[in-house]
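Working notes, beginning with the structure itself.
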Amino acid sequence: MSRVPGWLGRVGARLTEVSKRLEERRAEVERDRRPGTDTEHTSATDPDQAPPEVEYAAVVPTRPDPAQAVPWGVRVAAEAGWRLLVLAGTLWVLMRIISAVQLVVLAFVAALLITALLQPTVVRLTRIGVPRGPATALTALFGFVVMGLIGWFVTWQVMENIDTLSSQIQDGIDELRNWLLNSPFHVTDKQINEIAKNLREAVGANTEQITSAGLEGVTVVVEALTGILLAIFSTLFLLYDGKRIWEWSLKLVPAAARPGVAGAGPVAWRTLTAYVRGTVIVALIDAIFIGLGIYFLDVPMAVPLAVFIFLFSFVPLVGAVVSGALAVVVALVTQGVFTGVMTLVVVLAVQQIEGHILQPFILGRAVRVHPLAVVLAVASGGMVAGIGGAVVAVPLVAVTNTVVGYLRAFSHEAAVRQSPRPRGATAMSAPDAPPPAAPGTGPQPPAPERRPGDTS
């Protein structure tokens, strides 16, 4: 029995040694399973131990945002490009609509021009106590009677002098032919006859086109009468009820843009009125002085030619050239080369005085348009709507220039008014600041600003 405690002690020591070895083995296994351990050393020390599996993470390359990958200049060009395409499409659709109702548009624009010319008279009559209706009727009647008398006078003068003019033109052609034969240009009789033969053949070959043009002239006359009636009715309503028509038009504008448009309207109307009044005065001065010049040069039909010069002066640049050339040609074929040259001198002198003295003084800087803009506007208006488009192109450009300048100044002033005030401003430096809120009530929003024309 004395050997039993010794045996139990040896068994306990053996078990303790086995447990230590198990703990060491477990520690080695855990160390081998950790990342970064030397798998070759482990497999060398323990060939039965399989190397741990290595997990590989999927590496996905990161791609930038496509909008950020596009260069800044290309992005700006693209943004501007599609906006320009939208504007071009809108303008194209607008031009198509105007071309479809060209007669109505030209009649209304003509009514606007006539109204701008006659409205000051209506205003003066109403100021002296005449009611609006009678003042409008008297002004419109006087204006249309004057225009009708001008047209009747021109027609009467042409019909009265057509026979005399024909004989004078024949004599002038013979005189011009003799002058060419004796001139230093060495023109022969055979060359003159050849030119005359070519002219006769050209007229004979285009007889059908001339006849069709004459038949189309009937349609043109009907359309002209329709446009005149539309212009008359539009002028009457604009003279009598123009203010209410403008106020109704403002309701179609969004409320946010209504204050600016309400202020731009009167500015545009003043520009149009000044342009029409100045153009009438300049055209009248041109017609009077050129008419006096060709009258003293004994050019036939001096008065009708002066009226033509007055009417053609409403077409900038082109009208002056055409009317002046017509007067020179009539003087050349009726009175000879010397009279034609003197007529050309008179026309050029009057037009130079008009361009450098009369227009800057009468029209003023508010309605002055650059010559390049005038040429482009007249050419574009003529291509779109013929003579009527050339007449209304320049006042349209002048009004647009004035409106754009006003809206730019208006938006700048609005931005200045809405800009935050500097810190530390007191009631003395900001008299229009809202009063402080009562304690505990929180900040109070400022009252909305009321502008003229804001009916929202």
Side-chain angles (χ1 to χ4, degrees), residues 83-84 87-99 101-117 119 227 231 234 238 242 246 249 253 257 260-283 286 310-323 351 354-411:
R83 286 176 171 83
L84 289 176
L87 291 177
T90 304
L91 184 61
W92 183 81
V93 172
L94 182 62
M95 290 295 102
R96 297 285 294 181
I97 295 174
I98 292 176
S99 299
V101 291
Q102 178 178 341
L103 180 63
V104 177
V105 173
L106 289 179
F108 183 74
V109 174
L112 282 176
L113 297 177
I114 297 173
T115 304
L117 180 63
Q119 191 199 23
S234 301
L238 289 174
W246 169 247
S249 301
V253 181
V261 176
V267 175
W269 184 251
R270 285 195 296 268
T271 300
L272 183 62
T273 303
Y275 178 86
V276 174
R277 189 184 307 169
T279 303
V280 169
I281 295 174
V282 171
D286 286 351
F310 172 78
L311 297 177
F312 276 93
S313 296
F314 285 93
V315 183
L317 297 180
V318 179
V321 173
V322 172
S323 59
Q351 289 180 356
E354 168 207 338
H356 294 87
I357 298 177
L358 295 180
Q359 285 190 355
F361 178 74
I362 296 175
L363 294 180
R365 295 184 176 272
V367 294
R368 290 180 62 185
V369 182
H370 195 275
L372 179 59
V374 172
V375 172
L376 296 178
V378 171
S380 302
M383 293 175 62
V384 173
I387 297 177
V391 171
V392 304
V394 177
L396 180 62
V397 171
V399 170
T400 303
N401 184 32
T402 304
V403 170
V404 170
Y406 175 83
L407 292 178
R408 186 186 299 114
F410 181 84
S411 62

Ignoring hydrogens and angles, write down the donor-acceptor pairs under 3.5 Å from the side chains of residues 378-400, residues two or more places apart or on other chains.
| from | atom 1 | to | atom 2 | distance (Å) |
| --- | --- | --- | --- | --- |
| Ser380 | OG | Leu376 | O | 2.8 |
| Thr400 | OG1 | Leu396 | O | 2.7 |

Between [X] and [Y], which heavy-atom pair has the shortest distance, and what is it?
{"X": "Val403", "Y": "Ala268", "result": "CG2-CB, 3.6 Å"}
{"X": "Val276", "Y": "Leu117", "result": "CG1-CB, 3.8 Å"}
{"X": "Leu407", "Y": "Ala264", "result": "CD2-CB, 4.1 Å"}
{"X": "Gly227", "Y": "Ala107", "result": "O-CB, 3.6 Å"}
{"X": "Trp246", "Y": "Val261", "result": "CZ2-O, 3.5 Å"}

TODO: Could I get the full list of side-chain hydrogen bond (donor to acceptor under 3.5 Å, both in side chains) partners for Gln119, not counting sequence neighbours?
DONE: Trp269
Task: Minimum side-chain heavy-atom gap Phe108-Val101 below 4.5 Å - done: no
Task: Partner of Val282 under side-chain contact (heavy atoms from CB on, under 4.5 Å), chosen from Thr279, Asp286, Val280 - done: Asp286
Open item on the list: Tell me whether the count of non-hydrogen atoms from other residues, nucleotides or ligands lying under 6.0 Å of OH in Tyr406 goes above 12.
Closed with: yes
Task: Other residues, nucleotides, ligands: >12 heavy atoms within 6.0 Å of Arg96 CZ - done: no
I'd like a table of donor-acceptor pairs (distance under 3.5 Å, sequence neighbours excluded) in which one partner is a side-chain atom from residues 87-95, with atom names and distances.
| from | atom 1 | to | atom 2 | distance (Å) |
| --- | --- | --- | --- | --- |
| Thr90 | OG1 | Val86 | O | 2.8 |

